[in-house]
Amino acid sequence: METGRLAIIMLGPPGAGKGTQARMISEALKFPHISTGDMLRESLRNGTKLGKKAKAFMESGALVPDDLVDAMVVDRLAREDCSRGFILDGYPRTISQARFLESLFEKNGTRTLSIGVEVGDNILIRRLSSRWTCPTCGKMFNAALEPGKAGGQCDECGTALVQRKDDTAEVIAERLQVYHTITQPLVRHYQEQGSYIAVNGDRPLEEVFGSIVGIIRGRTD
Ligand code: AMP
C-alpha cells in the first residue's frame with residue numbers, strides 16, 4: 001500500500017456525472033469532496049467579496065479567473081480533513097490551474113490520480129437541461145429519469161430542489177464550448193504525466209462507480 005496524501009482529480013465535461021461520482025467516492029474513502037463550483041455558489045449566496053467577483057462569470061458560463069479560484073483551493077486544502085487525501089471536482093479547469101496545483105503538491109509530496117468521466121455532448125445537453133439540484137446538500141437528480149424530482153424535494157435532506165441558473169440551453173452551450181477549448185487539454189496534460197485514466201460515463205451510476213473504485217484500488221493497493 002502506497003502512503004502519503006492522495007489527490008483524486010475528477011475530470012470531464014459539465015453533466016458527465018463527476019459531481020455525483022465524487023460524492024460517492026468521498027463517502028467510500030472518507031476523503032472530503034471539494035467542488036469549486038459548490039464553493040463558488042456558496043460564496044455567491046452569502047454575498048462575499050469572492051461571490052461578488054465571481055457572479056457574472058458564473059452566470060454566463062465563463063470561467064472565474066484563475067487567481068481567485070487558486071486562492072480558494074489553497075485555503076481549502078490546508079484544512080485538517082485533507083491530510084490523507086481529497087477529491088477535487090471541477091478543479092483544475094485550466095492548464096494554469098493544473099500547474100499551480102502541481103507546484104503546491106511538489107512542496108508537500110501529494111500523489112495525483114486523475115479520472116476522466118467521458119460522455120458525448122448530445123447526452124450532456126439532455127442531462128443538464130433535466131438536472132435538478134439540492135441547494136442544501138448538493139445532491140443532483142435527473143428529472144427525465146425521475147419525473148417527481150422536477151419541482152420536488154431532495155430525498156437526502158428534504159429541501160426543495162432547484163434548477164441551476166447556468167443549466168439553461170444558452171449557458172449550457174457556452175459551458176460546453178469552454179470545456180472543449182480550455183479544460184479538455186488537461187486530459188492530454190495528465191496523460192503525458194501518466195496519471196490519467198478514463199471511464200465511460202454513459203452507463204448507470206453504480207457501474208461507473210464500480211469502474212472508478214477498481215481504478216483507485218489498482219493505484220493505491
Ligand atoms: P461547476 O459546478 O463545476 O459546473 O461550476 C460552475 C461554475 O463555477 C463554472 O461554470 C465556472 O463559472 C465556475 N467554476 C467552478 N470551478 C472553476 C474553476 N476551477 N475555474 C474557474 N471557474 C470555475
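Side chain of Thr112 to main chain of Ala7: no donor-acceptor pair is present (N/O by atom type, distance under 3.5 Å, no hydrogens or angles). Ser114 places a side-chain N or O within 3.5 Å of a backbone atom of Ser195 that can act as its donor or acceptor partner. Looking only at distances, a side-chain donor or acceptor of Lys18 sits under 3.5 Å from a matching main-chain atom of Gly12. Under a 3.5 Å cut-off, the side chain of Asn46 and the backbone N or O of Thr48 do not form any donor-acceptor pair. Arg127 places a side-chain N or O within donor-acceptor distance of the main-chain N or O of Ala16, the cut-off being under 3.5 Å. Listed for the Arg219 side chain is no donor-acceptor partner under 3.5 Å among the backbone atoms of Leu113.
The distance from atom CG of Leu124 to atom OG of Ser129, rounded to the nearest 0.5 Å, is 10.0 Å. Distance CD/Gln97 to CG/Asp67: 10.0 Å, rounded to 0.5 Å. The CD1 atom of Ile87 lies 11.5 Å from the OG atom of Ser35; values are rounded to the nearest 0.5 Å. We find the CG-CD1 distance between Asp166 and Ile172 to be 8.5 Å, quoted to the nearest 0.5 Å. Atom OH of Tyr91 is separated from atom CG of Leu186 by 10.5 Å, given to the nearest 0.5 angstrom.
Under the 4.5 Å side-chain contact rule for hydrophobic residues, Leu104 and Met39 share a cluster. A continuous path of Ile, Leu, Val, Met, Phe, Trp and Tyr side chains, each step under 4.5 Å between heavy atoms, connects Val69 with Leu11, placing both in one hydrophobic cluster. Note: the hydrophobic cluster containing Phe209 also contains Ile215 (ILVMFWY, side chain heavy atoms under 4.5 Å, direct or indirect links).
Counting all heavy atoms, side chain and backbone alike, Ala98 lies closest to Pro92 at N-CB, 3.5 Å. Annotation for Lys139 and Cys154: closest pair CB-SG, 4.4 Å, computed over non-hydrogen atoms.
Side chains of Thr110 and Asn108: a donor on one and an acceptor on the other come within 3.5 Å.
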I'd like a table of donor-acceptor pairs (distance under 3.5 Å, sequence neighbours excluded) in which one partner is a side-chain atom from residues 201-208, with atom names and distances.
unit_1	atom_1	unit_2	atom_2	d
Arg203	NE	Asn200	O	2.9
Arg203	NH1	Ser211	OG	3.3
Arg203	NH2	Asn200	O	3.2
Arg203	NH2	Ser211	OG	2.9

### Query
Could you walk me through whether Glu27 and Arg23 pass the salt bridge (Lys or Arg N to Asp or Glu O under 4.0 Å) check?
CA-CA 6 Å; Glu27 263 177 42; Arg23 292 165 58 91; 5.6 Å; no
### Task
Could you give me the CA-CA distance, side-chain angles and deciding distance for Asp81 and Lys30, then say whether salt bridge (Lys or Arg N to Asp or Glu O under 4.0 Å) is met?
CA-CA 9 Å; Asp81 61 346; Lys30 307 285 176 238; over 6 Å; no
#### Entry: Residue pair Asp121, His180: steps toward the side-chain hydrogen bond (donor to acceptor under 3.5 Å, both in side chains) verdict
CA-CA 10 Å; Asp121 278 10; His180 288 303; 2.9 Å; yes
